[in-house]
Number of protein chains: 2
Amino acid sequence: MAQVAKLAGVSVTTVSHVINGTRPASEATRAAVQAAIDRTGYRPNTLARALARGGTQSLGLAISGLSNPYFMDVVAAVEAAAGVAGHTLLLGDTREDPEHELRIVRTLAERQVDGLLLAPSVGALETTLPWLESAEVPVVLLDRFLDVPLDQVGCDNEQPTAKLVDHLIEVGHTRIAMAIGIPGLSTTDERVRGYRMALDRAGVPFDPDLVADGGSQRDQAREAMHALLDLDEPPTAVVSGNNFMTIGLLRAINERGLRVPDDIALVAFDDFEWADLFAPRLTVIRQPTSELGSRAVELLLSRLEDPSAPIRHERLDATFVHRDSCGCHAAAGATATA
Amino acid sequence: MAQVAKLAGVSVTTVSHVINGTRPASEATRAAVQAAIDRTGYRPNTLARALARGGTQSLGLAISGLSNPYFMDVVAAVEAAAGVAGHTLLLGDTREDPEHELRIVRTLAERQVDGLLLAPSVGALETTLPWLESAEVPVVLLDRFLDVPLDQVGCDNEQPTAKLVDHLIEVGHTRIAMAIGIPGLSTTDERVRGYRMALDRAGVPFDPDLVADGGSQRDQAREAMHALLDLDEPPTAVVSGNNFMTIGLLRAINERGLRVPDDIALVAFDDFEWADLFAPRLTVIRQPTSELGSRAVELLLSRLEDPSAPIRHERLDATFVHRDSCGCHAAAGATATA
DNA sequence: CTGTTAGCGCGTTCAG
DNA sequence: CTGAACGCGCTAACAG
């Protein structure tokens, strides 16, 4: 920059001001500076600028399971939203592990991100969140809700899951199993609650044996499904708690030589992009993943603008997508109902 | 940091050195500094450190289609590999558009990333790469190869595609169509070359009408498939150039009321994680996506260590996964052949 | 083993 | 409309 200043015959102050348009300058000097910039191939150093200004124009995203298509839609949306706002995205994978999550969040904060988006892991309340509070970094929580005074965005889980179970009951099932995600996550707990609520209001007895811990993961869900099928009175229908577990459940079902929906019905949380092209065509709850990401960024940006604004918790609607893995033969093409 | 120094009764230099372990210090002062750090809740400012040191310990990843599961695996692998090396990841979506790509790459470079990973778009040779060269940022190209003196990693495309077509020919097909990706991408060109090579060596005549531009995208591939099916002499088999197009092709096939593989065979580049659980079970080429990401990071890091080392181009092997969308009934379970 | 000092590249009061 | 000078928080010679 000093070089540019010299070449343009002005001071660095002036160069800085014409670059940022932060105070008037004569047309002549502006042109001179611009010319000098072009000729020197000058590239501003965002770091130095951030140091001086006290703001980096960058956002951190700490999330788990980057290979999960669900979260990757979120990442794409966050990147896009951050981009239009002139922010760059720093990405970190929490691995669903509180210790690692804390490391990730710290490095992000130490890099002076202006704000942080976090999908908190189960142990976050004891590790990451206390640290974040003392660090005074603006944060919005994503996907999972926590009982803390922070902005949060996530989907509705209870009603949609209940809807899934309602449907299974309508079709005539009473032995309905559920593969649940990591215990302690609000998403898991809310989905379980939805499951029980639907059972209760239909008068279907609740059987704890039918609730299997799939740990939000494929392989664990697969084992859980095998265990369910080994029951004296195995389920005639299963509801999957997320997309990964759906894969695991199906694998187990396949390994038993069973077929969906003829031998066992399957409905699931999380849609797949291709779900209506392959058999079995899955009846699912679809989450508005992109909206989740962009809303989270909006919340964060407005928080940055007004740190003292009231805290907001937002629930996004999920959609029931009726296809045919539920085994009712009413589905005529894919039908989406709110 | 000044505060820590004062509280510990030492100079900032000492604080810096005990933090970084960059020179010996007496046990006493080390303890004092550590105590002061704990009590003040001091958090190092990575920006200032980077400014002073001239290195950010961060890597930039400029890639397109973050919603593509293929690239997302790459992102996950890159994040992981960067993490273990103590680097943070800055992410930008190029949108497969040279103009936007240049913007992304510039902001990444202005943020002083130590190095850059780029999946160059078609126009990159005219926009991004010249800029990168003058900017003197260490770069490794990812996925697509370009005729420039830079480190590059990608998969083998020609032989695997030929293998796909070979197989179709063995099964007895002679009207074999192909949906190709964005023209100009090396991946596209190489895959087309593999297609033609297989045709040629089997003595199957090449028909330009059977090569449809799917633009690497779902919807465009869908339209292309419809056009192919409208031909006087429609294909009896199709090979898809990537995962997105596979979805589009299948949608069109479905819309015509046709079935894979009975009415038309389909084989594809890019595997799906769930591909052996749903019908039709796709016969595909599987790329080592994670390896691609981690290798790219390794190349970049070693480039940073030794800027004058010879340039390296690496080809990773892709795998033929035999399932049943090819219509040959030989597939007994999923079989992977190198 | 420890302190002093000079930058890293930029924004931003202050004077002119 | 423009410049000089200070400081952002930290590292790295150079002394001691």
Side-chain angles (χ1 to χ4, degrees), chain A residues 1-37 40-58 86 88 106-114 135-137, chain B residues 1-37 40-58 86 88 106-114 135-137:
Chain A
M1 184 154 121
Q3 188 174 345
V4 173
K6 192 164 47 181
L7 208 151
V10 296
S11 72
V12 291
T13 308
T14 302
V15 173
S16 170
H17 283 303
V18 330
I19 286 178
N20 300 308
T22 181
R23 90 178 173 191
S26 79
E27 185 54 44
T29 56
R30 278 187 14 199
V33 170
Q34 191 55 51
I37 285 178
T40 52
Y42 165 76
R43 301 184 297 123
N45 183 328
T46 313
L47 260 53
R49 170 183 313 210
L51 226 209
R53 273 215 283 237
T56 55
Q57 293 283 97
S58 67
T88 301
R106 287 181 73 129
T107 57
L108 256 24
E110 285 171 2
R111 282 176 189 279
Q112 313 296 121
V113 293
D114 291 340
E136 295 178 346
V137 185
Chain B
M1 185 156 120
Q3 187 174 345
V4 173
K6 193 165 44 178
L7 207 151
V10 297
S11 75
V12 291
T13 307
T14 302
V15 175
S16 170
H17 283 305
V18 331
I19 287 178
N20 299 309
T22 182
R23 89 177 173 193
S26 79
E27 186 54 44
T29 56
R30 278 189 11 202
V33 170
Q34 191 54 52
I37 285 178
T40 54
Y42 166 76
R43 300 184 298 125
N45 183 329
T46 313
L47 261 53
R49 168 182 312 203
L51 225 207
R53 276 215 281 237
T56 55
Q57 293 282 96
S58 67
T88 301
R106 287 182 73 129
T107 57
L108 257 25
E110 286 172 1
R111 282 176 188 278
Q112 313 296 121
V113 292
D114 291 340
E136 295 177 345
V137 184

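Residue numbers start from 1 in every chain, and the chains themselves are labelled A, B, ... in the order their sequence lines are given, proteins ahead of strands.
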Can you tell me the distance, in whole Å, between the [atom1] atom of [X] and the [atom2] atom of [N]?
X	N	atom1	atom2	value
R23(A)	dT2(D)	CZ	P	8 Å
N45(B)	dG7(D)	CG	C1'	14 Å
N20(A)	dT2(D)	CG	P	16 Å
L51(B)	dG9(D)	CG	C1'	9 Å
I19(B)	dG9(D)	CD1	P	14 Å
Q112(A)	dC10(D)	CD	C1'	12 Å

Non-hydrogen atoms of [X] and [Y] that approach each other most closely:
X	Y	result
A25(A)	V18(A)	CB-CG1, 4.4 Å
M1(A)	V12(A)	CE-O, 3.6 Å
A8(A)	A36(A)	CB-CB, 3.9 Å
T29(A)	V10(A)	CG2-CG1, 4.3 Å

| message | Would you say that L108(B) contacts V137(B) through its side chain, given a criterion of any heavy-atom pair below 4.5 Å between the two side chains? | response |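 They are not in side-chain contact.
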| Any R30(A) side-chain heavy atom under 4.5 Å of V33(A) side chain |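 They are not in side-chain contact.
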| Side chains of R111(A) and T88(B), donor plus acceptor under 3.5 Å |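 Yes, side-chain donor-acceptor contact under 3.5 Å.
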| Pairs in or reaching into residues 40-52 of chain A: which pass side-chain hydrogen bond (donor to acceptor under 3.5 Å, both in side chains), with residues at least two apart or in two chains? |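 Listed once each, the pairs are N20(A)-R49(A).
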| Near DNA chain C, under 4.0 Å by heavy atom, which residues of residues 25-36 of chain A? |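 None - not one residue of the stretch has a heavy atom sitting under 4.0 Å from the strand.
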Sugar-phosphate, base or nothing in reach of [X], heavy atoms under 4.0 Å:
X	value
T13(A)	base
M1(A)	sugar-phosphate
V10(B)	sugar-phosphate

| query | Any idea which of dG3(D), dA12(D), dT11(D) is nearest the H17(B) side chain? | reply |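 The nucleotide sitting nearest to the side chain is dA12(D).
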| said: Closest-nucleotide mapping onto DNA chain D: is P24(A) or T46(B) further toward the 5' terminus? I mean the 5' end. | reply: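 Looking at the nearest nucleotide for each, P24(A) comes out on the 5' side.
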| Outermost nucleotides of DNA chain C that come under 4.0 Å of a non-hydrogen atom of chain B |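 Under 4.0 Å from chain B, the extent on DNA chain C is dC1(C) to dG9(C).
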| request: Determine whether any donor atom in the side chain of S16(B) lies under 3.5 Å from an acceptor atom in the base of dA12(D), or the reverse, and answer yes or no. | output: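 Result: no qualifying N/O pair found.
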| request: Examine the base of dA12(D) for any acceptor or donor lying under 3.5 Å from a partner atom in the side chain of T22(B), and report the outcome as yes or no. | output: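 When only heavy-atom distances are counted, T22(B) does not reach the base of dA12(D) through any donor-acceptor pair under 3.5 Å.
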